[in-house]
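A short worksheet on the structure shown next.
Note on naming: letters A, B, ... go to the chains in the order of the sequence lines (proteins, then strands), and numbering restarts at 1 for each one. Please read all numbers here as calculations on a predicted model, not as lab measurements.
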Amino acid sequence: MSLDKATVAHIAMLARIRVEDAEQTVLAGELSGILGWIEQLSEVKTDGVEPMTSAVDTTLLRREDKMTDGGVQEKVLANAPATTEGFFVVPKVVE
Amino acid sequence: MSADLTSLGLAEARDALAKKEVSSRELTSAYLAAIEDATPLNAFITVTADHALARADQADARIAAGEGGLIEGLPLAIKDLFCTDQIQTTAGSHILEGFKPQYESTVTANLWRQGGVMLGKTNLDEFAMGSSNETSFYGSVKNPWRRDGDSANLVPGGSSGGSATAVSAHLAAAAIGTDTGGSIRQPAAFTGTVGLKPTYGRCSRWGVVAFASSLDQAGPMTRSVRDAAILLRAMASYDSKDSTSVDIAVPDYETALTGDVKGLRIGIPTEYRVDGMPSDIEALWDKGIEWLRSAGAEIVDVSLPHTRYALPAYYIVAPAEASSNLARYDGVRYGLRVDGEQLQDMYEQTRAAGFGAEVKRRILIGTYVLSAGYYDAYYLQAQKVRTLIKQDFEKVFENVDALLTPTTPTPAFGIGERVDDPISMYLNDVMTVPANMAGLPGISVPAGLSSDGLPLGLQVLGKAFDEATILRVGEMIERAASFDARPQSWWSAS
């Protein structure tokens with residue numbers, strides 16, 4: 001499997017990481033190398049094998065649906081790069 | 001008490017404290033001085049000296065009052081992946097520089113409840129993604145060990161390289177790390193220390209910066225197997241805040257160290273004899289087999305046929321989970337922000353500036369294998385292969401009590417030697433990754449030196465939640481190997 005530059009640009013956009021034009025070419029080579037090595041997995045016969053979804057055999061516990069935490073606005077905002085009046089501040093989202 | 005308090009490991013320091021031969025403040029001060037003196041090793045990102053001394057005084061008061069927990073007053077180094085309340089937690093990344101969690105991880109909270117004293121936060125590969133500690137934004141950690149007659153700096157392994165170096169160079173009585181694909185066991189092997197990855201679900205992941213959630217597990221990094229038994233007991237617990245935490249009582253692991261392996265069946269997996277394995281590692285493995293055999297264990301050849309697929313499957317599963325977990329670093333709620341005109345612009349620039357090259361590679365691989373049209377071919381296939389790997393282990397564990405393998409295919413390598421070749425770096429973890437894929441416990445014990453004088457580890461893998469048996473077998477290897485080599489302290493200014 002080999003990734004081209006356009007695919008790298010697409011997945012970088014999906015991952016929300018800015019990748020400059022020159023870097024896209026380098027990454028296309030690196031990622032193709034890694035994916036080419038991973039490719040050997042396709043030779044394993046997995047017909048009828050269930051995908052593993054949990055490392056331990058447990059059933060998820062249930063609890064009463066009630067609030068267990070909260071009222072910590074200051075703590076929630078303590079590390080925020082920009083806040084105002086108890087809110088996170090972000091650049092404009094729509095024109 | 002002798003001047004060199006840092007020569008005491010966890011069990012020895014515990015006993016000295018109990019006999020009032022030394023105080024926690026004296027121990028803590030000695031370690032803080034050793035850390036100061038070992039700056040060239042770059043093992044710590046943050047040293048919490050004032051915090052440590054205050055905790056040591058509290059511990060001394062409790063000991064004087066006849067109280068105190070399992071590790072009361074013992075100075076520990078904490079991988080900078082565990083959130084520590086009000087104390088910077090970076091995960092080795094620029095994107096979390098200056099981040100001060102407003103809560104404490106469950107594992108570290110358990111340690112403090114049992115009286116542990118935090119000396120500081122140790123360096124690591126960025127977001128625990130690496131096998132050499134070279135991907136840290138805060139610089140490479142240096143291995144205290146060097147090859148015979150050579151002054152080249154070597155990597156301590158990774159990702160828990162700072163913790164491994166801290167234990168190896170006696171900068172802490174013990175440390176904790178995390179292991180997603182070998183990040184405790186591989187650096188332990190590279191630094192001549194003991195590292196244990198518990199069963200998935202044994203230690204809570206709550207408050208541990210997430211890399212690959214179905215694989216991550218916290219564990220002890222220590223000078224001896226006994227120290228690992230002590231520390232594991234102190235850090236493990238059931239935790240309702242981690243939905244994959246398992247509600248099984250935590251035993252007193254020290255009682256498992258009986259020194260008796262008679263009648264135990266130890267499996268030797270053929271598939272771990274990888275191509276190009278150095279002859280000294282192969283010879284050490286054979287020695288380990290002989291030690292256990294002469295101690296009365298029964299040696300059984302076993303096969304784990306899907307072993308060679310564990311690593312490529314890991315490099316789908318781990319990046320896929322990482323790409324999802326690391327989506328939270330967006331410059332909005334905490335961490336680095338690089339301003340942009342629009343929200344999308346801010347996200348992209350923040351993540352471009354905040355993540356290093358290896359983290360970006362893995363996020364992009366993960367995003368790709370999860371993207372429309374590729375999910376079945378990559379992610380689903382990897383999860384099926386994971387089932388086969390787990391079944392391999394289940395089958396052999398019907399007939400054996402534990403498995404013995406080398407921990408790594410090579411001893412520590414030089415800083416910069418492998419950074420340009422991601423796949424050769426990934427191959428470091430070929431013997432450690434299968435246990436993560438299957439969720440099983442494993443321990444690395446220093447067992448000998450390579451032909452050029454570097455430590456080598458043997459790995460014991462066990463059944464789920466049977467840490468007691470791997471500790472017992474590990475201690476037997478430790479006794480037989482009587483590994484007492486120490487690195488020369490070339491880093492010391494004093």
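Contact between A:Val56 and B:Thr244 at its shortest, heavy atoms only, is CG2-O, 4.1 Å. Here the closest heavy-atom approach between residue A:Ala12 and residue B:Leu364 is recorded as CA-CD2, 3.6 Å. Contact between A:Ala55 and B:Gly439 at its shortest, heavy atoms only, is CB-CA, 4.4 Å. Counting all heavy atoms, side chain and backbone alike, A:Pro81 lies closest to B:Gly331 at CG-O, 3.4 Å.
With a 4.5 angstrom heavy-atom cutoff, A:Glu20 does not touch chain B via any of its atoms. Heavy atoms closer than 4.5 Å to chain A are found in the side chain of B:Lys390, but not in its backbone. Proximity to chain B involves both the backbone and the side chain of A:Ile34, based on heavy atoms less than 4.5 angstrom apart. Looking at B:Ala313, both its backbone and its side chain come within 4.5 Å of chain A, counting heavy atoms on both sides. Interface residue B:Ile423: only side-chain heavy atoms are found under 4.5 Å from chain A. Looking at B:Val246, only its side chain comes within 4.5 Å of chain A, counting heavy atoms on both sides. For B:Asp247, no part sits under 4.5 Å from any heavy atom of chain A, backbone or side chain. For B:Ala327, no part sits under 4.5 Å from any heavy atom of chain A, backbone or side chain. Heavy atoms of B:Gln391 lying under 4.5 Å from chain A are absent altogether. Of the two parts of B:Tyr379, neither the backbone nor the side chain holds a non-hydrogen atom closer than 4.5 Å to a non-hydrogen atom of chain A. Contact annotation for B:Ser214: only backbone heavy atoms (N, CA, C, O) come within less than 4.5 Å of a heavy atom of chain A.
Heavy-atom pairs under 4.5 Å with chain A were tallied for B:Tyr309, B:Tyr315, B:Tyr347, B:Tyr314; the largest tally goes to B:Tyr309. Between chain A and the residues B:Thr199, B:Asp345, B:Val369, the most heavy-atom pairs under 4.5 angstrom are made by B:Asp345. Most heavy-atom pairs under 4.5 Å with chain A: of the set B:Tyr103, B:Tyr426, B:Phe355, this distinction falls to B:Tyr426. With respect to chain A, the highest number of heavy-atom pairs below 4.5 Å among B:Leu311, B:Leu215, B:Asp339 belongs to B:Leu311. Considering only heavy-atom pairs separated by less than 4.5 Å from chain B, the leading option among A:Val89, A:Ile11, A:Leu41, A:Ile38 is A:Leu41. Per-residue heavy-atom pair counts under 4.5 Å with chain A were compared for B:Glu341, B:Gln349, B:Gln344, and the maximum is reached by B:Gln344.
For residues 62-73 of chain A, an interface with chain B (any heavy-atom pair closer than 4.5 Å) does not exist.
Although no hydrogens or angles enter the test, the distance criterion places no donor-acceptor pair under 3.5 Å between the side chain of B:Glu348 and the main chain of A:Ile17.
Distance check: A:Asn79 CG to B:Arg333 CZ gives 11.5 Å after rounding to the nearest 0.5 Å. If you take OH on B:Tyr368 and OG1 on A:Thr7, they are separated by 6.5 Å, rounding to the nearest 0.5 Å. Between atom CZ of residue A:Arg16 and atom OG1 of residue B:Thr367 there is a gap of 10.0 Å, rounded to the nearest 0.5 Å. For the atom pair OG1 (A:Thr53) and CZ (B:Arg386), the distance works out to 9.5 Å, reported to the nearest 0.5 Å. To the nearest 0.5 Å, atom CG of residue B:Leu427 and atom CH2 of residue A:Trp37 are 6.0 Å apart. Here the CG-CD distance, from B:Asp420 to A:Glu30, works out to 9.0 Å after rounding to the nearest 0.5 Å.
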Apply side-chain contact (heavy atoms from CB on, under 4.5 Å) to residues A:Leu77 and B:Gln102 and explain how you reach the verdict.
CA-CA 10 Å; A:Leu77 295 173; B:Gln102 304 294 304; over 6 Å; no
Where do B:Lys384 and A:Glu50 land on the side-chain contact (heavy atoms from CB on, under 4.5 Å) test, with the steps shown first?
CA-CA 6 Å; B:Lys384 288 177 177 174; A:Glu50 286 293 312; over 6 Å; no
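Atom CZ of A:Phe88 has more than 12 neighbouring heavy atoms from other residues, nucleotides or ligands inside a 6.0 Å radius.
Side-chain contact, A:Ser42 with B:Gln381: no donor N or O sits under 3.5 Å from an acceptor N or O.
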